[in-house]
Amino acid sequence: MTHVLKFGGTSLADAKKITFVSKIIEEKSKIKKTAVVLSAPATITNSLEKVIQLSLIKDKNYKKEIENIKNKFYTIVQDIYKNNKKFLLKKIIKKINHEILFLKNTSKNIYLLNQCSDYIFAQVISRGEILSTQIMKNILFTKGHSVKLINPVKNILAEGNILDSYVNISKSIRKIQKINFLKNSIILMPGFIAGNKKKELVLLGRNGSDYSAAILSACIKSKLCEIWTDVDGILTCDPKIVPNAKIIKKISYKNIMEISNLGAKVLHPKTIYPLEKFNIPCYIKNTFNKNFIGTKISNYKNKKIKNIYPNIAYIEDINIFIIKTLNPKNINKIYKNLLKINKKNSIILFLSINLIHIPSINVYFKEKNFKKIDFIIKNLIFNKEKIYKKKIYKKISIISIIQNKLNKKRIIQNLNQILYDLNIKTMFDLQNFSNNSISLIIKSKYQNQIINLLHEKIINNYKIIQIFLFGIGGIGKTLIKQIHREKISLKKKNIVIKICLISNSNKILFQKNGIKINTWKKKFNTITTKYLKEKFLINKIKKIIKKNNFINPSIVDCTSSNELSKKYLYFIKNKFNIITANKKFNTGNMIDYKNIRKKTYTNNKKFFYETNVGGGLPIIQTIQNLKQTGDKLISFKGILSGSLSFIFGKLEEKILFSDAIKQAKKKGLTEPDPREDLSGLDVARKLLIIAREFGYSLELKDIKIKKILPQLCNSNINIQKFLQETKNFNRYFLKKIKIAKKNCKKIKFIGKISNTGKCTVQLEEVDIKDPLYEIKNGENALSFYTKYYQPMPLVIRGYGAGKKVTASGVLSDLLKTVV
Ligand code: ASP
């Protein structure tokens, strides 16, 4: 039983790697009879091609390029034999010199004659393979192995284009089988090369050594072909675009063919045919991770590999011609005609017919073939009728998802969602260029972003949330910490939150692919561009939104900015969800209030504001649930301010009013200026939001606020002075508490909605039966008397302020955008 191993250029890039490869060959040859196909060391084929190109344009630098090639081979062999075996080094240097001399003479002729036939071209650029095989032969020979070299020019018979030939497998089998292989010898063959009928050296196309390996496998009836490269196997996507691409462990011949045709550079496309025809399983393995199993390509029945990952392949720099005729009935015939023309030169990648509007054909091809295709189409005449080339699209990419038993419905849903979120239009309908694939035609500039998102969605199954965070006070900062802390547990639930933008009132930190949470503060502090007005800052953010595309983006508003809240509608229209702890929008005018709800619905976006009332307590959600199930509010009563709950709780403990305020401020429960809490405006806002949620059409001015303080205090004085002046109210509150206590009641600052919808905010005495009686220490309590909840009300009680609970409420709103 024989197996074939093929090593690519990166596996043979230097002496160390070549030696390492020789060890793999030795190990394998101990187990089974081994045949080896080798590429040229990395970059050599390109350098050889460059020598020809430079000679052709009479650029003397071709000599330098030859020197580079010579030096590269010298370094390789000198490193291999650096310690001993000088005579072996001499022997191999002689071989290198021989090839370099050939190179010098040939390129000189090309330089002088200004021409290079395909035959000469093939001779020159195959030198890399010839030399790497010689080097390997010597290494194995020195280690005592018997080595049999196969000359592909004599034994692999190829037909067609000299530079991109096809092998006649049956004739090659006959030739190879005539060779007498010694039982224990290792077989070596340079890849990329074959011979034509005239026994001239021909090539199998760039990267053709894979094909050589498949052919040799077929010729020597190998039971296994291993392609050794520099990646762990076939990946779900190009790792240059998706660094965390996954390995596809098993794949069928059919699928691999589709993947190659749709752009994945996994194997030379011609390689599959001989493997499939002779049913030879093939492994893609990593030379630098040799014990990893790799990817197995085989004749899998659909059932066996149902659960493997799909592959995302792409082809960039595509041009598209759309061609039409005067007589649309001819379209099918023209299509066949184009297929026929393409059979000869295969420069058209795909053809598709659009029959929906005016029948037309899309011709997809690589930019570099523009002139040739243009010529073909210009000369295409059908039934004496000229064909019209309607439109040319340039810089297009084809992104394809390929999988056995592809769940097309799921893929289409995901694709549409991504396009919708990114606000990107496809050029044409989704295409089926093969049985097990769906392809998206898109402007190349969107390619990488779409591929990444697709990979996250359909392979990693991630739900992505991108956020723009406004406000980095207590709540904003805590939110960032919570997101960071929950990162791993969210990832387990397949949720990934990326903070793309952080802003306060004058600075912006933006990182399209997500700001690193560990270092955000440092980065933020180094930003020197400051926006003098919030308006300018928002304009800058609008520019960022226009320039970039985001996936499931959310505005997270942890400010109390009016200016920002006025932009919510703009954000919704630009496909952002809004998550806000800021009450300004929901207490603005009723027209905007209704409008945003309509627009959120029509744009299929979310507007969540659970933290507008009661911090993280589930208030808004509860009201919406009640309403949805037909409940109706009769009346409402609640302690809606954490700071006032704290202050009036302290008064019951005989603490003076002025001291209670100071304590509340110290605990961070009040606004920076406690007058804002004491004004009752914040409670009025919350009450308005509750009333509106129950369906009342009210404005802020409709909420009656009965002032807490018995007289107006001077609003011109600073906070410190004000705090001192609060002493003047100590006696007033002591008296109030005393009177209430006499009647077994307590004083609370309450927001109320009456059964007629009248909303008031005021100090009120409550008795022991009232659910608000015990509320203190910053707790909130809300009691709803409704059609369903009476005579006992529905009561929600808990801490309704504080950065941790509020930030967690914001986070929970955020997570609702992906469920
Ligand atoms: N050395 C050739 C090339 O670079 C063939 C191969 O490596 O497969 O195209």
Side-chain angles (χ1 to χ4, degrees), residues 4-14 17-18 21 25 35-53 65-66 68-69 72-73 76 96 99-100 102-103 116 118-136 150-153 156 158 160-167 188-195 201-218 225-231 234 256 260 263-275 282-288 297 346 366 368:
V4 171
L5 318 176
K6 177 252 160 176
F7 292 91
T10 45
S11 305
L12 304 164
D14 55 37
K17 288 175 181 160
I18 294 177
V21 165
I25 298 172
V36 181
V37 172
L38 297 178
S39 288
T43 70
I44 290 291
T45 316
N46 286 345
S47 299
L48 291 163
E49 197 172 345
K50 205 168 162 198
V51 170
I52 301 176
Q53 277 159 2
E65 202 57 43
I66 297 177
N68 290 343
I69 296 168
K72 178 142 189 185
F73 278 111
I76 288 177
I96 296 171
E99 297 303 340
I100 296 295
F102 166 76
L103 211 53
C116 174
D118 284 353
Y119 170 70
I120 297 290
F121 185 94
Q123 292 261 343
V124 171
I125 77 159
S126 57
R127 290 307 100 186
E129 272 69 11
I130 303 280
L131 277 174
S132 58
T133 315
Q134 285 297 338
I135 293 170
M136 188 58 75
I150 296 182
N151 180 351
V153 184
I156 307 287
N161 188 334
I162 293 182
L163 303 180
D164 196 0
S165 312
Y166 278 87
V167 173
L188 275 189
M189 183 178 95
F192 188 37
I193 303 169
L201 184 150
V202 297
L203 298 178
L204 300 175
R206 286 303 305 265
N207 302 312
S209 316
D210 292 343
Y211 184 36
S212 303
I215 293 292
L216 186 62
S217 303
C225 174
E226 288 181 355
I227 309 273
W228 290 75
T229 171
D230 57 351
V231 285
I234 290 168
I256 198 91
S260 306
K265 291 166 197 76
V266 282
L267 274 182
H268 191 285
K270 289 190 278 192
T271 313
I272 309 299
Y273 173 74
L275 293 174
C282 174
Y283 277 91
I284 309 292
K285 291 190 64 98
N286 189 353
T287 309
F288 312 108
I297 308 164
S346 54
K366 289 287 262 183
K368 62 175 185 200

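Indexing begins at 1, ligand by ligand and atom by atom, following the structure's order.
Residues passing the side-chain contact (heavy atoms from CB on, under 4.5 Å) test with F121 are E49, I52, C116, I125, L163, sequence neighbours excluded. Applying the side-chain hydrogen bond (donor to acceptor under 3.5 Å, both in side chains) rule to S11 yields the partners T287; only residues at least two apart in sequence or on another chain are considered. Residues passing the side-chain hydrogen bond (donor to acceptor under 3.5 Å, both in side chains) test with D164 are K270, sequence neighbours excluded.
Just one of V4, V36, I156 meets the side-chain contact (heavy atoms from CB on, under 4.5 Å) condition when paired with M189; it is I156.
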Hey, what polar pairs (N/O, under 3.5 Å) does ligand 1 make with protein?
| unit_1 | atom_1 | unit_2 | atom_2 | d |
| --- | --- | --- | --- | --- |
| ligand 1 | 1 (N) | T45 | OG1 | 2.7 |
| ligand 1 | 1 (N) | E129 | OE2 | 2.6 |
| ligand 1 | 4 (O) | T45 | OG1 | 3.4 |
| ligand 1 | 4 (O) | R206 | NH2 | 2.9 |
| ligand 1 | 7 (O) | S39 | OG | 3.0 |
| ligand 1 | 8 (O) | N207 | O | 3.4 |
| ligand 1 | 8 (O) | G208 | N | 3.4 |
| ligand 1 | 8 (O) | S209 | N | 3.0 |
| ligand 1 | 8 (O) | S209 | OG | 2.8 |
| ligand 1 | 9 (O) | R206 | NE | 2.5 |
| ligand 1 | 9 (O) | R206 | NH2 | 3.3 |
| ligand 1 | 9 (O) | N207 | N | 2.7 |

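Taking each heavy atom of A194 and A158 in turn, the nearest pair found is CB-CB, 3.7 Å. Smallest separation of non-hydrogen atoms from L204 and H268: O-NE2, 3.7 Å.
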